[in-house]
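Structure first, commentary second.
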Amino acid sequence: MTSEDRKRESEIFEAWKKNGFFSRSKGKGKNASDSYTITIPPPNITGVLHMGHALNDTIQDACIRRARMQGYQTRWVLGTDHAGIATQTKVDKHLAEQGINRREIGREKFIEACQEWRREYGTTIVNQIAGMGCSCDYDQEQFTMSDEFSRAVRKLFVDWYNDGIIYRGKRIVNWCPHCTTAIADDEAEYQDEASHLWYMRYPLKEPVDGIEYLVVATTRPETMLGDTGVAVSPKDKRYKNLVGKTVVLPIVNREIPIFEDFYVDAEFGTGCVKTTPAHDPNDYAMGQRNDLEVINIFDETAHVVEGYGRFSGMDRDEARVEVVKEFEKLGLLDHIEDLNHSVMHCYRCHTTLEPWLSEQWFVDVEKIKGAAREAVATDEIKFYPSRWKQVYLDWLDNLKDWCISRQLWWGHRIPMFYCDECGWEGASVDPIDTCPKCGGHVHQDEDVLDTWFSSQLWPFATQGWANGGEQELAERYPTQVLSTARDIMGLWVARMVMASEYCTGQIPFKEVIIHPTVMGADGKPMSKSRGNGVDPLALMENYSADGMRFGLLTQVTGNQAVNFDERKIEGARNFANKVRNAARYVTMNLDEGATPKANPATLTDKWILSKLAKLVANVDAAYAEYDFGAMTQALYQFFWNEFCDWYIEFSKARLAKDADPADKAICQGNLLFILETACKLLHPVMPFITEEIYAEIKPGKAEDDMLIVADWPEASDLAQFIDNDSEMKIELVTSIVASARSVRARYGISPKNALKIVVKADAESAELINNQAALINKLANYETLEVAPDAQKPQGAAVVVTNKLEIYFDISEHVDLDAEKKRLEKKIAETKKDMDKLEKKLNNPGFLAKAAQEIIDKDKAHFAELKEVYEKATAQLEGLN
């Protein structure tokens, strides 16, 4: 992509923006009174454009651009998310590089630093989105920490608190010792780790029936410092006589009971489970059922608290090593087994999470999830692909109360206020300084809300909810479609539905597109460490924004993930060049005063207009199902194969200097009409090049008369041109011409050398072909053309078989058949030898076990190439024989 291309894109983008096309449109035509709104999934202010953004933003832009052309009152709401943990981590690191500790400068100064960070880096991704050509409402950019949005967040908290939906309680949460904050269950990332299962002996206080100790198995020996019981299964007869007895916990010398609980699996390990209620959610539940003491042995950074002798002050990893040593020293370490198991990690810093008992704020989801489930169960909200509907319902059915408090400084501070003197507490949208009960000093809760708590308001808070936007919501809500990734279906999608049903009494959107995850070419998640990531900005630099957008959508299928294929982007760039060249051909062959007009005057006109009519209907059908792969495939097939390869070829004779003026005018009108219609269909995906072409074929129009607001083609208006008979006739013509070109290419026969062609076809097809003999001759250059149901293959003819025809090309005058046969026989033998050698290698278990995967993949690809060469050569030899 040249600097001139970039300049041209920038000029087009600024023209769209200058004319106000990105703001809420006025609407026109039959859809003038209807709104079409999309709210962008707000990217983090710490982020930069990645492949997931590029794909999702292309999908949304395609939808909003098409709706704008259809006449809807469109608006694509743009904004960014404050990204609590991510931003605080970034700013913490930034300050540390300057020798500044946030705890030393205090909360207010740190928040100022976060705001400064946002001002400096927060617009980066927005500018990159603009570089893609996305038609968002840039004049009303939203932010989840703006004053208006913050007020909406506080209002929802207060409403839910007053309705008993939000409560405070002491429960086990996923705690990150590095970020020193709670993490939601959905935000925990599971990673497989190689570890051990330690079998440890807990001595009974008094031996029972000769049993002196119980053996418990654990993956976390360090937590035994906080054990307050040993559980066994009520079904386990081995320990019936021990229930109610006690063991003396080694090291800490704590006497703890042996109790029964149905949670215990008698078949796992020894059947005895050490119970640490403060450091495991299942243990906590058993502790609640059996009235066990709850002892928290770690502080907020996962170091052992005071009161545990030499273990106090150790981090959990150090404590693990030392506890095991102590058990071994005491003769109480029974044995150790290797174990691979899944461990929770923080989704931001990747630290191992600690199940930790602490006081937090929670949402009682049982009180609000009913309407959210009903909306999807009854298809009031539809998912695309449809299989995600059940995934959504299953997630809701298994949803537990949501921990919404975070021990951070950057974020929406929880609007709870506490009196220092009389103990009054209450929730308030507006700040409270003085206690309403006693007049004493009031302080606000130190914690902030989970980022997803604020993000759940996104569809309606960005449109004025809680800030005087009642009319806007009444006219524009719900939004039409949400496009997002599968990994935040629970974190965000379901919560938006719950919040919207509560706050507005409506669903937030009518349809949800779950786009596939873009994986690396190797099929693994893209990441810097793997080196398989792809930079969308580099793709746009190399292939243009249009090329990247179209190429990405060609890879969207019904699959959950797609392996990125840069060849598809390159192919899309080539397609863009094809579109540009076709437009250049059309404009160069126009007479002054030529206007776009569909006129089915000739067979080729009837054929291309019929194909165009079906294309419009197929594109509409693809949009209805959000099948972007099918949509781009249909556009590519029509423009490259049918319009460029055939209709433009058909038109050349009609546009010649000595052509009939009347027919020439008809052909020019059709070329313009087809090009303009195709540009309209392509515009939502390839906005820059189509806008540029539109300006060239519509000279003299007003400045604001641009393709972005041109009328979308109506399938009903073009239905009159559907002509299956003409399509069938041209299909016969193109079959013969394409076969002739293929044979010429295969045997190196010049297009100037006329061929003798024999076609075996049924009587009806034969008549049609004979009627189009002149057209075939213009494109295939034949010496003779014989068509008959009983046509015989000439000696030494090349054969091409199509759906309805057997086509024989007499090449004996142009090719040394004996030499060609020998060449093919030699090629077949050599290729077969290489194939056998490679196949043996690929079937060797030793090679497959030792070779790098990229070597294996390369050999498999080479084998596939050899097989294709072998099959083609064999088919050619069979044809000659």
Side-chain angles (χ1 to χ4, degrees), residues 31 33-41 56 59-60 63-64 66-67 70 72-77 152 156 159-160 163 165 186 363-399 402 452-453 455-466 469-515 558 620-628:
N31 299 319
S33 60
D34 297 326
S35 68
Y36 189 102
T37 306
I38 296 177
T39 54
I40 195 172
N56 195 17
I59 288 172
Q60 293 171 87
C63 292
I64 204 75
R66 176 172 176 265
Q70 288 178 310
Y72 290 98
Q73 300 173 29
T74 55
R75 183 181 175 221
W76 184 7
V77 178
L156 179 60
D159 289 348
W160 275 1
D163 282 353
I165 296 169
D186 319 78
V363 171
D364 185 348
V365 295
E366 287 297 328
K367 294 181 178 179
I368 55 173
K369 73 179 186 180
R373 192 186 196 287
E374 182 72 9
V376 172
T378 60
D379 287 334
E380 187 180 6
I381 298 175
K382 291 186 176 182
F383 278 82
Y384 298 85
S386 59
R387 66 174 177 273
W388 293 108
K389 170 182 177 178
Q390 193 57 49
V391 175
Y392 171 98
L393 295 174
D394 290 344
W395 186 88
L396 267 185
D397 289 343
N398 292 288
L399 186 60
W402 170 23
W452 296 108
F453 185 92
S455 295
Q456 69 180 330
L457 284 74
W458 188 250
F460 50 94
T462 53
Q463 299 189 80
W465 181 81
E470 293 79 8
Q471 183 175 350
E472 170 81 1
L473 281 175
E475 295 175 354
R476 320 293 190 192
Y477 203 72
T479 65
Q480 271 53 55
V481 63
L482 171 77
S483 179
T484 189
R486 68 176 189 255
D487 54 351
I488 56 173
M489 183 181 294
L491 287 167
W492 192 45
V493 178
R495 287 170 180 163
M496 283 191 287
V497 181
M498 286 188 280
S500 182
E501 290 279 10
Y502 176 91
C503 295
T504 71
Q506 298 184 76
I507 55 175
F509 27 71
K510 297 175 182 177
E511 297 172 318
V512 179
I513 306 167
I514 303 296
H515 66 72
D620 283 342
Y623 270 109
E625 294 297 321
Y626 300 109
D627 190 347
F628 297 100

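Distance CD/Gln456 to CG/Leu491: 11.5 Å, rounded to 0.5 Å. The CD1 atom of Ile507 sits 4.0 Å away from atom CD of Glu380, with the distance rounded to the nearest 0.5 Å. Here the straight-line distance linking atom NZ of Lys510 with atom OG1 of Thr479 works out to 9.0 Å at 0.5 Å rounding. Considering NZ of Lys382 and CD of Glu625, their distance stands at 8.0 Å, rounded to 0.5 Å. Separation of atoms NE2 (His515) and CZ (Phe628) is listed at 10.5 Å; rounding is to 0.5 Å. Atom CG in Asp34 sits 7.5 Å away from atom CD in Gln73 (nearest 0.5 Å).
Residues forming a side chain to side chain contact (heavy atoms under 4.5 Å, CB included) with Arg387 (at least two apart in sequence, or on another chain): Pro385, Gln560. By the side chain to side chain contact (heavy atoms under 4.5 Å, CB included) test, Glu470 is found to be paired with no residue, residues two or more places apart in sequence or in another chain being considered. Legend: residues meeting side chain to side chain contact (heavy atoms under 4.5 Å, CB included) with Gln506, ordered by chain and number and at least two apart, are Tyr477, Pro478, Thr504.
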> Going through the checks in order, is the side-chain hydrogen bond (donor to acceptor under 3.5 Å, both in side chains) test met by Tyr36 and Gln70?
Replying inline: CA-CA 10 Å; Tyr36 189 102; Gln70 288 178 310; over 6 Å; no

> Do Met498 and Leu396 pass the side chain to side chain contact (heavy atoms under 4.5 Å, CB included) test, and can you show the C-alpha distance, the side-chain angles, and the key distance before you say yes or no?
Replying inline: CA-CA 10 Å; Met498 286 188 280; Leu396 267 185; 4.3 Å; yes

>> As a quick check of understanding, evaluate side chain to side chain contact (heavy atoms under 4.5 Å, CB included) for Arg373 and Asp397, giving each step before the final call.
In response: CA-CA 8 Å; Arg373 192 186 196 287; Asp397 289 343; 2.7 Å; yes

>> Working note: Tyr626 + Val481, criterion side chain to side chain contact (heavy atoms under 4.5 Å, CB included); need CA distance, chi angles, decisive distance, verdict.
In response: CA-CA 10 Å; Tyr626 300 109; Val481 63; 3.8 Å; yes

>> Using the rule given for side chain to side chain contact (heavy atoms under 4.5 Å, CB included), can you reason through Cys63 versus Trp76, listing the C-alpha separation, both sets of side-chain angles and the distance that settles it, and then say yes or no?
In response: CA-CA 10 Å; Cys63 292; Trp76 184 7; over 6 Å; no

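Of all heavy-atom pairs spanning Ile59 and Ser483, the tightest one is CG2-OG, 3.6 Å. Minimum interatomic distance between Phe460 and Cys503 (heavy atoms only, all atoms of both residues): CE1-CB, 3.8 Å. Residue Ile165 comes nearest to Ile368 through the heavy atom pair CD1-CG2, 3.7 Å, listed as atom of the first residue, atom of the second, then distance. The two atoms that bring Glu501 and Ala375 nearest to each other are OE2-CB, 3.8 Å, heavy atoms only. Of all heavy-atom pairs between Leu482 and Pro41, the closest is CD1-CG, 4.4 Å. The heavy-atom pair separating Ser35 from Arg476 by the smallest distance is OG-CA, 3.6 Å.
Val497 has its side chain within reach of Phe509: a pair of non-hydrogen atoms, C-beta onward, lies under 4.5 Å apart. Counting only heavy atoms from C-beta outward, the side chains of Val77 and Ile38 never approach each other to under 4.5 Å. With contacts defined as side-chain heavy-atom distances shorter than 4.5 Å, the pair Tyr623/Arg66 qualifies. Looking only at side-chain heavy atoms (C-beta outward), Asp159 and Tyr502 come within less than 4.5 Å of each other.
The aromatic rings of Phe453 and Trp160 lie perpendicular to each other, with more than 60° between the two planes, well past the 30° mark.
Aromatic ring centres of Trp388 and Phe383 lie farther apart than the 6.0 Å criterion allows.
Of the possible polar contacts, one joining the Gln463 side chain to the Pro459 backbone as a donor-acceptor pair under 3.5 Å is found.
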